[in-house]
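To start, the structure itself, in structure tokens.
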Amino acid sequence: MKHMKKLAIVALAVTAGASAAAAAGPSAMEVTGRIQHLNPRAHHLTVKSQTYRYNPRLAGMTLRRGEEVRILYRESHGQRIAVKILPAA
């Protein structure tokens with residue numbers, strides 16, 4: 001009986017650790033550059049000849065073509081998804 005309790009506790013700890021790691025996901029990558037193209041309807045912007053999808057609510061600023069920005073992004077299903085868009089420092 002004690003052995004089963006220990007085994008259950010270990011299994012629970014391993015599952016919780018795996019869930020936390022999956023929630024964190026891969027670390028975000030970063031790019032800094034000038035916005036070359038902006039499509040607000042499709043929620044796409046292009047920086048350094050690479051296209052990024054973005055959520056306008058998460059952009060945190062008004063985006064304009066020619067503006068210098070820093071983009072934190074993740075790759076998902078072959079697309080770059082902007083997690084955060086900040087003014088370049």
Side-chain angles (χ1 to χ4, degrees):
M1 186 68 177
K2 285 183 181 181
H3 182 59
M4 285 296 275
K5 284 183 183 178
K6 286 181 183 178
L7 185 59
I9 290 171
V10 169
L12 182 62
V14 169
T15 303
S19 297
S27 62
M29 294 170 270
E30 183 178 327
V31 65
T32 302
R34 195 168 302 278
I35 297 176
Q36 298 168 328
H37 181 73
L38 180 64
N39 186 342
R41 284 189 178 176
H43 308 299
H44 289 119
L45 62 91
T46 303
V47 174
K48 293 188 176 180
S49 300
Q50 299 293 323
T51 302
Y52 301 87
R53 292 188 58 117
Y54 70 95
N55 182 340
R57 288 185 232 149
L58 298 177
M61 58 188 275
T62 304
L63 300 172
R64 282 180 243 110
R65 187 175 178 196
E67 188 171 21
E68 191 80 19
V69 292
R70 188 175 113 205
I71 301 174
L72 300 174
Y73 70 96
R74 296 176 195 250
E75 291 204 25
S76 176
H77 303 287
Q79 295 184 345
R80 292 172 188 84
I81 311 296
V83 176
K84 192 176 270 192
I85 302 172
L86 304 165

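Linking ILVMFWY residues whenever their side-chain heavy atoms come closer than 4.5 Å, directly or via other members, places Val47 and Met29 in the same cluster.
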Compile the donor-acceptor pairs under 3.5 Å between side chains in residues 32-43 and protein atoms, sequence neighbours left out, one pair per line.
residue: Arg34; atom: NH1; partner: Gly66; partner atom: O; Å: 2.7
residue: Arg34; atom: NH2; partner: Glu68; partner atom: OE1; Å: 3.4
residue: Gln36; atom: OE1; partner: Ser49; partner atom: N; Å: 2.9
residue: Asn39; atom: OD1; partner: Arg41; partner atom: N; Å: 3.3
residue: Asn39; atom: OD1; partner: Ala42; partner atom: N; Å: 3.2
residue: His43; atom: ND1; partner: Pro40; partner atom: O; Å: 3.1

Name each donor-acceptor pair under 3.5 Å that joins a side chain in residues 80-89 to protein atoms two or more places apart or in another chain, with its distance.
residue: Arg80; atom: NH1; partner: Gln50; partner atom: OE1; Å: 2.9
residue: Arg80; atom: NH2; partner: Gln50; partner atom: OE1; Å: 2.7

- Step by step, would you call Tyr54 with Ile71 a side-chain contact (heavy atoms from CB on, under 4.5 Å)? CA-CA 10 Å; Tyr54 70 95; Ile71 301 174; over 6 Å; no
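Within the structure, the salt bridge (Lys or Arg N to Asp or Glu O under 4.0 Å) test picks out no pair touching residues 54-67 (sequence neighbours left out).
In this structure, the side chains of Tyr52 and Val31 come closer than 4.5 Å at one or more pairs of heavy atoms.
Scanning for side-chain hydrogen bond (donor to acceptor under 3.5 Å, both in side chains) contacts around Arg53 gives an empty result, with sequence neighbours left out.
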